[in-house]
Amino acid sequence: MKEMIINTCIKVCAYDEFSAADRELIDKAREAAKRCYAPYSRFGVGAAVRLADGTVVTGNNQENAAYPSGLCAERTTLFWANAQYPDVAVDTLAIAARSEAGELARPIPPCGACRQVILEVEKRYSRAIRIILFGTDESYLVEDGIKVLLPLCFDADFLE
Ligand code: THU
């Protein structure tokens with residue numbers, strides 16, 4: 001039997017280690033988390049996307065009394081960005097979360113469905129998306145795109 005070893009690299013950073021542009025994006029995600037609609041989980045998630053032309057788009061989680069009808073912050077934001085700017089690639093996605101007690105010390109990783117959508121956006125524009133997961137104690141920087149968080153992924157290549 002052979003083994004397949006998949007290596008991934010995630011940088012663990014303090015807020016101050018990010019560039020000014022990244023800090024601005026992180027702050028927009030943090031602000032967006034405050035505008036969430038999360039009456040059921042009371043868990044707010046904000047996302048901010050910087051497009052290749054510098055445009056910044058933000059969004060947050062939108063819940064529903066019929067729980068599965070709600071949508072995560074990442075997908076709300078990416079779908080909106082792609083709907084408004086279909087010809088512009090996504091460069092960086094920043095995510096921040098908060099509970100009723102305030103911002104979280106540890107970063108929250110995107111859920112599986114959001115990872116799959118991030119993958120689709122990368123394929124659509126043939127460009128890896130930088131991903132920043134913010135926490136007040138430490139943040140994660142994924143520079144090489146969603147394959148780091150979603151190894152062995154299913155994409156349109158398999159449909160050919
Ligand atoms: N949520 C997100 O918005 N993004 C994630 O990556 C994980 C979870 C939302 C969905 C739901 O509104 C709340 O957080 C609790 O799961």
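Count residues from 1 along the sequence. First listed ligand is number 1; within each ligand, the first listed atom is number 1.
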- If we only count N/O pairs under 3.5 Å, is Ala73 in contact with ligand 1? yes
Contacts satisfying salt bridge (charged side-chain N to carboxylate O under 4.0 Å, His left out) that involve residues 62-86 (not counting sequence neighbours) are none
Of Thr77, Val121, Ile95, the one forming a side-chain contact (heavy atoms from CB on, under 4.5 Å) with Val49 is Thr77
Can you tell me if Glu120 has over 12 outside heavy atoms packed within less than 6.0 Å of its CD? no
Numbered in order shown, the ligand 1 atoms found under 4.0 Å of a heavy atom of Ser41 are 13 (C), 15 (C)
Among non-hydrogen protein atoms, atom 9 (C) of ligand 1 lies closest to Asn61 ND2, 3.6 Å
>> Determine whether Leu119 and Phe154 satisfy the following criterion, side chain to side chain contact (heavy atoms under 4.5 Å, CB included), listing intermediate values before the conclusion.
In response: CA-CA 9 Å; Leu119 172 66; Phe154 178 82; 6.0 Å; no
*asked:* Below the 3.5 angstrom mark, is there an N/O of Pro110, backbone or side chain, next to an N/O of ligand 1?
replied: no
Counting N and O atoms only, with roles assigned by atom type, does the side chain of Asn60 sit under 3.5 Å from a partner on the main chain of Ala32, one being a donor and the other an acceptor?
yes
Any protein heavy atom under 4.0 Å from atom 16 (O) of ligand 1? no
So the salt bridge (charged side-chain N to carboxylate O under 4.0 Å, His left out) pairs with at least one residue in residues 150-160 (sequence neighbours excluded) are Lys123-Asp155, Lys123-Asp157
heavy-atom search around atom 6 (O) of ligand 1 in the protein gives Glu74 OE2, 2.7 Å
One finds that the ligand 1 atoms under 4.0 Å from a non-hydrogen atom of Pro109 are 6 (O)
Closest to atom 10 (C) of ligand 1 among protein heavy atoms sits Cys72 SG, 4.0 Å
Ligand 1 atoms nearer than 4.0 angstrom to some heavy atom of Cys111 are 6 (O)
Side-chain donor-acceptor pair present, Thr58, Arg35, cut-off under 3.5 Å
yes
Under 4.0 Å from one or more heavy atoms of Glu63, ligand 1 contributes atoms 11 (C), 12 (O), 13 (C)
